[in-house]
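Encoded as structure tokens, the structure appears first; notes follow it.
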2 protein chains.
Amino acid sequence: MKIGELAKKAKCTVETIRYYEKVGLLPASSRDNINNYRLYNKSHLERLTFVRHCRALAMSHEEILVLLQARNQPAQKCDSIDQLIDDHLQHVTVRIKELQKLEAQLLKLRLQCQTPTDSQHCGILQDLEQAIEDNSTDKNFSHVAGSH
Amino acid sequence: MKIGELAKKAKCTVETIRYYEKVGLLPASSRDNINNYRLYNKSHLERLTFVRHCRALAMSHEEILVLLQARNQPAQKCDSIDQLIDDHLQHVTVRIKELQKLEAQLLKLRLQCQTPTDSQHCGILQDLEQAIEDNSTDKNFSHVAGSH
DNA sequence: TAAACACCCTGAAGCGGCTTCAGGGTCAAG
DNA sequence: CTTGACCCTGAAGCCGCTTCAGGGTGTTTA
Ligand SMILES: [Zn+2]
Ligand SMILES: [Zn+2]
Ligand SMILES: [Zn+2]
Ligand SMILES: [Zn+2]
């Protein structure tokens, strides 16, 4: 199968597939001798599906690589896999808590201007000019991305 | 005041300050004629504090620029400010919900391997090889970053 | 007075996880 | 024989910084 078909089956773009090959999440496929098109089979699709599933769960490429390696060593213990999921779950949980803190702060900020006025007297702007409360939030970026 | 002192007072790095100047979040400061060092005053500190406060709330540079402009037009109505905060609050709220979905999916995944075995029989790996359930999550990236 | 050390400067590259762009080649249908 | 769908490569862009390379400045101390 050609790259476009694989992309459709895995619900991603062809560019993403080429990118995954470049960074080593997918092995380089064989090529059509005549036109140099990439050619894939079922096992490529399975691996890509695995990767996309992991990405849908917001795992980092590094985390996914560990899982892929484990997948290739069927006889080994799976402790490390279970641990990786636990750790990643923590990444997500921590990030949720950070964002909930932000949410609360933003709600509080929003209340500073209940009846619209001009910028000069807007409680929101005034609040933003105050010194920063110490949130440990800013530095503790685990690997799960933000809100935008 | 020199850049190091400003950085300390605003609780950020000097590199961040130089970066903000480059991308226009801070205006270019005046310079010491002799050694070309950047020189700052209280109003620079106030503006930087404002920016850092916004960043601590995970606003994007684009959003911050809008607020900075409003701050420079004290006589105008503040509707747009209030609206911007509401919108940004939505960015955060949406991202929290996305991450909570992930959290639930990860918890479910984790339960697939309650008693450690080998990779071949690990329910987690088996689950990850299944087709992807349709989460609308993947594409709806608003501007608030992830969990890592 | 010289060496050590802390601070300042610039410009470029790197991070992650892609997406987009520029500039092509391939191939079936009409 | 042209249109349009698909494929290729390599480089650059996105965001919000951080890090690096390669310097200059300025104070302190041996
Ligand atoms: Zn993780
Ligand atoms: Zn207002
Ligand atoms: Zn926002
Ligand atoms: Zn297991």
Specify the separation, in whole Å, of atom NZ of B/Lys2 and atom C1' of D/dG24. 13 Å
Using only atom types and a distance under 3.5 Å, with no angle test, would you say the side chain of B/Asp86 pairs donor to acceptor with the backbone of B/Leu89? no
Expressed as a whole number of angstroms, how long is the span from A/Lys8:NZ to D/dC6:C1'? 10 Å
Distance check: side-chain N/O of B/Arg31 vs OP1/OP2 of C/dT10, anything under 4.0 Å? yes
Can you measure A/Asp32 atom CG to C/dC27 atom C1' for me and round it to whole angstrom units? 12 Å
Taking all heavy atoms of A/Ala58 and all of B/Leu102, pick out the closest pair and write down the distance. CB-CD1, 3.5 Å
Closest approach to the side chain of A/Asn36, judged atom by atom: which nucleotide of C/dC9, C/dC27, D/dC8 is it? D/dC8
For the base of D/dG26, is there a side-chain donor-acceptor partner from B/Tyr37 under 3.5 Å away? no
Atom CG of A/Asn33 and atom P of C/dT26 are separated, to the nearest Å, by 14 Å
Side-chain touch A/Leu99/A/Glu103, heavy atoms, less than 4.5 angstrom: no
Any donor-acceptor N/O pair, B/His44 side chain to B/Leu6 backbone, under 3.5 Å: no
Less than 4.0 angstrom between a side-chain N/O of B/Asn35 and OP1 or OP2 of D/dG24, yes or no? no
For A/Arg18, answer base if it contacts any base atom (sugar-phosphate contacts may also be present), sugar-phosphate if it contacts only those atoms, and nothing otherwise; contact means non-hydrogen atoms under 4.0 Å. base
In whole angstroms, the gap separating P of D/dG26 from CD of B/Glu5 amounts to 16 Å
So does B/Asp82 get a backbone contact from the side chain of B/Asp79, meaning a donor-acceptor N/O pair under 3.5 Å? no
Rounded distance (Å) that lies between atom P of D/dC6 and atom CG of A/Leu6: 15 Å
Look at A/Arg38 and D/dC7 and indicate whether a side-chain polar atom (N or O) is within less than 4.0 Å of OP1 or OP2. no
Contact pattern, 5' to 3', of nucleotides 12-21 of chain C - B, S or - by protein heavy atom under 4.0 Å: -----BBSB-
Taking A/Gln112 for the side chain and A/Lys108 for the main chain, is one N or O donor matched with an acceptor at less than 3.5 Å? yes
Measure the distance from CD on B/Glu21 to P on C/dC9 and round it to the nearest whole Å. 9 Å
If hydrophobic clusters are built by linking Ile, Leu, Val, Met, Phe, Trp and Tyr wherever their side-chain heavy atoms come under 4.5 Å apart, do B/Tyr40 and B/Val23 end up in the same one? yes
